[in-house]
Amino acid sequence: MGATLKGIHYIVVPLARTASALATCALAVSALGCASGGADVVAPALPRGISSYLVDPSLEPGLDAAAARRLRLGFESLIARADIAAAAGEAQRLLEVNPSLEPARLLAAQAEFASGDVEAAYQTLASSIGDAGASAALRLLLGRTAELGGHYVVAHEAYRSLDDGPGPGSTGAVATYELALEQVEHDLAADLDAGRVDRAAAGLARLRGWEPMGSLRTLDAERRLARARGELDAELDALRGLVGGGRNQRVFVERRAELEMELGDPELGLETFERLLDSHPGDLELAERVVSARVRWRLRLLPEDVQAVSAAAELTRADFAALLFWLVPGVRQGGGGDARIATDVLDHARRGEIVRVLNRGLMQIDDRRHEFGPDRIMQRAEAIRALLSTLRLNGDECARESAAADCDSAVACEILADLGQCHGDSSLTGSGAVTLLGRTLNRLGRD
């Protein structure tokens, strides 16, 4: 006979003869045996650490009478006499007739578990779980074998799926909680390193199901996955939660500041970089980030087409002239210089910006052709020369007027950190232009 409590079947071994003995012998997961006389309760044939996770598979619904009888015989042999061979034999005979009979596979796993072969039991149970799920009895033993075998994610999910009050499922869910979380975090990081983004997303879904909303562990996983996917808005949201929740590691604070500059609150981003520099005054890399952040903060106040230039993968001469026009003091607001004529800019969209930059002497035209080349790719050497002209225009004497000495002058004027950064014949990106402009403006003290 059997009873059910919240999805877990509890067995009654029919060895007692009196009503009081039957009550005493009502076995839950511990499955105690009874003496044939019905008076004395005997010790369980299996240790409680094993019997607590064994539930009679013959009580599963939908079994025909013959299969239920064989399952009951096998299970009672295991529980009452610790007869592992008898239980395994009954399971094998049933599986030969119906290899997909889940209660028979459960009995086979119970025999393996009782014999001490935990991994074999785990593999038998894991292979028994189909799309339709598995019985509560199977999930209970799956949880235990997975826990003992170090498969903590499987164990925790199996235990969580059981609603057995203060029973072993609830106890197991608590015991495996932290271990399962650590395993999910480890696996998620490994999946991202290997480019398995979909699997990492499944790990994040587990964390969201297990952890309280907005937990730091989940936010960090969201941050990692968003960065791997290139979803900068989602990464910024996660970083805001992390930093706001007390995860103030410098790497998080800096990355949040970067994304605030680009997507969110640029003033907050700049303030964050400046506070970091105050705390690390000798950090040259951080000082450069502050310089670039100040330029980017100014860019956010400019027209959108100018902001777009700063993010371009490759700048044209017209693009760079626009940055000079809008960012260098005295170009946009100052008076004109010597008139310069470039026939190829008359109908160009950036004509006004180019003409003003030319008139201030910051960039040059081809005097022979009288052309500026607005759509030609901007080379790094030309940019350095223009920025040195900017310093000279503002009275900085560090810049010598010698093309051969441009790289040396750029280092002396702190536009470049060293000669290795010159790369004069390479093209210029928007971010690279912002960095060079930031150093120039910092030199002028007008950033």
Side-chain angles (χ1 to χ4, degrees), residues 226-227 229-240 254-274 288-334 336 342 344-360 362-363 372-380 382-384 386-387 389-390 415 426-442 444 446-447:
R227 186 158 192 176
R229 287 173 165 171
E231 297 172 349
L232 299 184
D233 286 322
E235 184 185 357
L236 176 56
D237 286 342
L239 283 165
R240 285 170 173 167
E254 283 192 23
R255 181 61 177 167
R256 179 192 173 179
E258 289 174 5
L259 293 178
E260 292 288 6
M261 293 296 307
E262 186 172 347
L263 303 169
D265 183 343
E267 187 171 2
L268 174 60
L270 177 56
E271 289 174 356
T272 301
F273 274 128
E274 290 176 333
E288 186 144 298
R289 287 190 170 191
V290 170
V291 168
S292 293
R294 288 170 179 167
V295 177
R296 291 189 180 280
W297 179 78
R298 291 182 62 187
L299 279 167
R300 293 300 294 259
L301 307 176
L302 300 180
E304 289 186 5
D305 64 318
V306 182
Q307 295 180 42
V309 167
S310 69
E314 202 169 44
L315 295 191
T316 65
R317 282 169 56 83
D319 291 334
F320 190 72
L323 291 177
L324 292 175
F325 174 84
W326 287 100
L327 293 173
V328 174
V331 176
R332 180 160 54 99
Q333 301 88 349
D344 58 349
V345 303
L346 296 177
D347 297 321
H348 198 277
R350 297 201 179 278
R351 175 181 179 275
E353 295 153 314
I354 294 169
V355 168
R356 182 57 66 91
V357 167
L358 287 175
N359 285 346
R360 298 296 288 166
L362 301 184
M363 296 181 72
F372 175 72
D375 298 321
R376 183 162 56 81
I377 297 301
M378 186 70 184
Q379 290 189 321
R380 194 174 176 87
E382 295 177 297
I384 291 170
L387 295 173
S389 297
T390 298
I415 296 173
S426 63
S427 60
L428 189 65
T429 65
S431 61
V434 167
T435 298
L436 295 177
L437 271 164
R439 293 170 180 168
T440 304
L441 297 175
N442 190 54
L444 294 173
R446 299 179 182 180
D447 50 5

Residues Arg240 and Glu260 bridged, charged N to O under 4.0 Å
yes

Is Arg294 salt-bridged to Glu274, cutoff N-O under 4.0 Å?
yes

Are any non-hydrogen side-chain atoms of [X] and [Y] less than 4.5 angstrom apart?
X	Y	answer
Phe320	Leu387	yes
Glu262	Leu236	no
Ser431	Arg296	yes
Arg350	Asp319	yes
Ile354	Arg317	no
Leu299	Leu327	yes

Run Thr272 and Arg256 through side chain to side chain contact (heavy atoms under 4.5 Å, CB included) and show every step you take.
CA-CA 9 Å; Thr272 301; Arg256 179 192 173 179; over 6 Å; no

Look up atom [atom1] in [X] and atom [atom2] in [Y], then write down how far apart they are to the nearest 0.5 Å.
X	Y	atom1	atom2	result
Glu254	Phe273	CD	CZ	6.0 Å
Ile377	Leu315	CD1	CG	8.5 Å
Ile415	Leu437	CD1	CG	9.0 Å
Met378	Ser427	CE	OG	11.0 Å
Thr316	Asp375	OG1	CG	6.0 Å

Return the minimal non-hydrogen interatomic distance between [X] and [Y], and the atom names on each side.
X	Y	result
Gly264	Arg300	O-NH2, 4.4 Å
Val331	Phe325	CG1-CA, 3.8 Å
Met261	Gly269	SD-C, 3.7 Å

Can you check side chain to side chain contact (heavy atoms under 4.5 Å, CB included) on Asp347 and Arg351, steps first, answer last?
CA-CA 7 Å; Asp347 297 321; Arg351 175 181 179 275; over 6 Å; no

Looking at residues at least two apart in the chain, or sitting in another chain, which of them share a salt bridge (Lys or Arg N to Asp or Glu O under 4.0 Å) with Asp233?
none

